[in-house]
Amino acid sequence: MLYMVHMQVNIPETLPKVEADRLKAQEKAYAQKLQHEGTWRHLWRIAGQYANYSVFDAAGNDELHDILSLLPLYPYMSISVTPLAQHPSAIAAN
């Protein structure tokens, strides 16, 4: 099942820079691992924001929740999820 996920990152200024840098490096490694596995299908930055729109392929809501909650920056994110369905007019559907 495909999901469009909007992630807005809000790292507090009180978090030490060395800790923030460590979390960002872990986040990048985890995101790239999921992309190589085909779970994180698309990752798009929102210009001018520390945010993204992504498309995930997960078996269901519980699996997606598990994937997102393992993101190292998860405690500092606001996340919204939209389940996706194939549109009948899409070329890919034909």
Side-chain angles (χ1 to χ4, degrees):
M1 183 169 191
L2 296 179
Y3 298 89
M4 182 179 67
V5 179
H6 176 244
M7 293 179 243
Q8 178 76 45
V9 183
N10 301 296
I11 299 174
E13 292 180 17
T14 56
L15 189 69
K17 181 181 181 330
V18 86
E19 175 66 6
D21 289 345
R22 183 185 67 77
L23 289 172
K24 290 175 189 178
Q26 290 177 338
E27 183 89 7
K28 181 177 181 177
Y30 181 56
Q32 289 181 346
K33 174 185 174 285
L34 292 173
Q35 289 174 72
H36 286 296
E37 293 173 353
T39 302
W40 198 323
R41 294 269 191 99
H42 299 278
L43 174 56
W44 296 95
R45 170 180 285 158
I46 301 172
Q49 298 180 30
Y50 195 174
N52 72 71
Y53 279 103
S54 295
V55 175
F56 287 85
D57 190 354
N61 298 337
D62 293 331
E63 181 180 61
L64 179 66
H65 178 78
D66 291 343
I67 291 165
L68 296 176
S69 64
L70 288 174
L71 289 166
L73 291 172
Y74 178 79
Y76 307 109
M77 289 183 181
S78 298
I79 298 175
S80 61
V81 176
T82 304
L84 300 174
Q86 185 68 51
H87 194 288
S89 297
I91 295 170
N94 298 318

For this session: Please test I46 against H6 for side-chain contact (heavy atoms from CB on, under 4.5 Å), starting from the C-alpha separation and ending with a verdict.
Result: CA-CA 10 Å; I46 301 172; H6 176 244; 3.5 Å; yes

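Grouping the Ile, Leu, Val, Met, Phe, Trp and Tyr side chains by contacts below 4.5 angstrom, directly or via other members, places L23 apart from V18. L70 and Y3 fall within the same hydrophobic cluster, defined by Ile, Leu, Val, Met, Phe, Trp and Tyr side-chain heavy atoms under 4.5 Å apart, directly or through other members. Taken together through direct or relayed side-chain contacts under 4.5 Å among Ile, Leu, Val, Met, Phe, Trp and Tyr, L43 and Y30 form part of one hydrophobic cluster. In the hydrophobic cluster analysis, where Ile, Leu, Val, Met, Phe, Trp and Tyr join through side-chain heavy atoms closer than 4.5 angstrom, L71 is grouped together with V9. At a threshold of 4.5 Å between side-chain heavy atoms, the hydrophobic network of Ile, Leu, Val, Met, Phe, Trp and Tyr places V81 and Y53 in two separate groups.
With respect to the salt-bridge test (charged N to carboxylate O, under 4.0 angstrom), the residues E27 and K24 do not qualify.
Sparse packing is recorded around CG of D62, with 12 or fewer heavy atoms of other residues, nucleotides or ligands lying under 6.0 Å away.
Atom CG in L2 sits 8.0 Å away from atom NE2 in H42 (nearest 0.5 Å). Note that CZ of F56 and CD of Q35 are 8.5 Å apart. Values are rounded to the nearest 0.5 Å. The CG atom of L73 lies 9.0 Å from the CG atom of L15; values are rounded to the nearest 0.5 Å. The distance from the CE atom of M4 to the CG atom of L84 is 6.0 Å, given to the nearest 0.5 Å. If you take CE on M77 and CD1 on I11, they are separated by 8.5 Å, rounding to the nearest 0.5 Å. Within the model, atoms CG of D57 and CH2 of W40 stand 14.0 Å from one another, a figure rounded to the nearest 0.5 Å.
Of all the heavy atoms in Y76 and P12, the pair that sits closest is CD2-CD, 3.3 Å.
Residues near W44 contribute nothing to a hydrophobic cluster around it, because no ILVMFWY side-chain heavy atom sits closer than 4.5 Å to its side chain.
H65 and Y74 have perpendicular rings, their planes meeting at more than 60° on a 0 to 90° scale where under 30° would count as parallel.
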